[in-house]
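The chains referred to below are lettered A, B, ... by the order of the sequence lines, with proteins before strands, and numbering in each begins at 1.
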Protein chains: 2
Amino acid sequence: MATKTQTKTPRTERRMDALSKERIVEAAIKILDTDGESALTFRALAARLATGSGAIYWHVADKSELLAAATDEVVARVMTGVVSGAEPREAIRAIALGVFDAIDAHPWAGAQLFREPWRPAMLQILEGIGGRLRALGVPERAQFDAASALVNYVLGVAGQNAANARLVPPGTDRATFLGAVAARWAQLDPSEYSFVRQVATQLREHDDREQFLAGIDLILAGIGTLREDAR
Amino acid sequence: MATKTQTKTPRTERRMDALSKERIVEAAIKILDTDGESALTFRALAARLATGSGAIYWHVADKSELLAAATDEVVARVMTGVVSGAEPREAIRAIALGVFDAIDAHPWAGAQLFREPWRPAMLQILEGIGGRLRALGVPERAQFDAASALVNYVLGVAGQNAANARLVPPGTDRATFLGAVAARWAQLDPSEYSFVRQVATQLREHDDREQFLAGIDLILAGIGTLREDAR
DNA sequence: GACATGGATGGAACGCTGTTCCAATACCGC
DNA sequence: GCGGTATTGGAACAGCGTTCCATCCATGTC
């Protein structure tokens, strides 16, 4: 319940192995990355940090905050690396790809992006994309809708990736997984699911990353049509 | 572990109050709608059905399947109501709005849409949108990407709505919630989050449903640019 | 009409979780 | 040194999904 009270900045380090929110989040990210979302328990975390579960609560309010902080961390790493001088269109693609790759590397973060819309992770993505839309010359009235469309698309793909990662057994690779999904789709009733069946044949050889980028370009093309008829 | 073995179709009903997957899913939906996602426990479900938690497992494999089945149910209700003869563009808007409204009414389903991509809920949405894209004359090579973009956008908004519903305290209305988010956004550092701050002022009076539709139109406009340069 | 069979039921029990609580410890200003 | 506060570690608690199993009862057979 009681959270860190931050009295005075201690001039000397407490201990070499002192707990801190940073160290806890770092350990959590490692557990999440290596053993998956379900492996992150306060007991496992306490064991890795060689402490008791109660001690963690001095630095972190609850598990929800821990997951949110871990997500903020991996997203922030990506957003700081985005080039700032680039052409707006390219910058948006770079931001989107950065988030995509971050979720690809840390699938557990995908589901967490949906959390509170005032968390740094979400804010940085929205600001990064929205700022570039402004630079692109999108009419001010349309900027909010356009940014919302891009962000929601990115979130959708992120959530999808997170879900897929949860589905793929740790050993198998993604080609096998896609093959399994394609096989299921191919078995559907042709009269009811003709489009899904058609797409199933393309599913095996498609590249997630390229398709994601194609979606971004599609939305950017749609945004491009706004410039002329400034309605 | 053992699931229903479906020996012979019983010619007479077992009992008036016999358990069945349909009745269980129906009860689960009611609990989810009235008391939220966290209120759905096997104990609460058993109490509502006047049985024991063990009996439910005869009809439903586990909680994950129960949630998926409940989601399939609410999505199916929406998809069957979509007009079939309409102009493709309008049909896509109708499907998207149907899903949006369904998630608005049953926010818990939003997060569930990300589950296995071979569940009826996802398949029906993909087929409904993809089929209309074909009718729209989108080049076959681009149909998969275009459908993926639209579906992922819908999923993103759905997930966002689900998250927001989890955040809003049961009593308050959405205007109050939006106001609270806007207030937080307005307090951000202007040099770092100028776009988010600008958008915060529009957040209060914006309409989620309209903005969602604007996003759909944006993507459709982008898809429209594909027709000419059939590359 | 009695009987055996097996699908269906309900509730106790298990292992695990997030979280709380609290005695014990480590540290710092004096 | 000492006293008090910040921090720690682990036991305890309530609640969860799930499993297990003794019991029930509708049905087909004789």
Distances under 3.5 Å between nitrogen or oxygen atoms of protein and nucleotides 11-17 of chain C:
unit_1, atom_1, unit_2, atom_2, d
C:dG11, O6, B:Gly54, N, 3.3

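- For B:His59 and C:dA8, the NE2 to P distance is 7 Å, given to the nearest whole Å.
- In this structure, B:Ile31 places its CD1 atom 15 Å from C1' of D:dC16, rounding to the nearest Å.
- Here B:Lys21 pairs with B:Glu65 in a salt bridge; the nearest charged N to carboxylate O distance falls below 4.0 Å.
- For the pair B:Leu49 CG and C:dA8 P, the interatomic distance rounds to 16 Å; values are reported in whole Å.
- Taking only side-chain nitrogens and oxygens, B:Trp58 comes nearer than 4.0 Å to OP1 or OP2 of C:dA8.
- Counting to the nearest Å, the P atom of C:dG18 and the CD atom of A:Glu65 are 15 Å from each other.
- The backbone N or O of B:Ser191 lies less than 3.5 Å from no partner atom in the side chain of B:Ser194, so there is not a single donor-acceptor pair.
- At a threshold of 4.5 Å between non-hydrogen side-chain atoms, the residues B:Leu32 and B:His106 do not count as touching.
- The pair A:Asp208-A:Arg174 meets the salt-bridge criterion, since a charged nitrogen lies less than 4.0 angstrom from a carboxylate oxygen.
- When the C1' atom of D:dA12 is taken as reference, atom OH of A:Tyr57 falls 14 Å away, rounded to whole Å.
- Salt bridge B:Arg197/B:Asp189: absent, no basic N to carboxylate O contact under 4.0 Å.
- Between B:Leu66 atom CG and D:dG17 atom C1' the separation is 12 Å, expressed in whole Å.
- When rounded to the nearest whole Å, the span between CD1 of A:Ile56 and C1' of C:dT20 equals 14 Å.
- Checked against ring pair (Phe, Tyr, Trp, His ring centres under 6.0 Å), A:Phe100 has the following partners two or more places apart in sequence or in another chain: A:Phe212.
- Distance, A:Lys21 NZ to D:dT7 P: 14 Å, rounded to whole Å.
- As judged by a 4.0 angstrom heavy-atom cut-off over every strand, A:Ala50 is placed among residues touching the sugar-phosphate backbone only.
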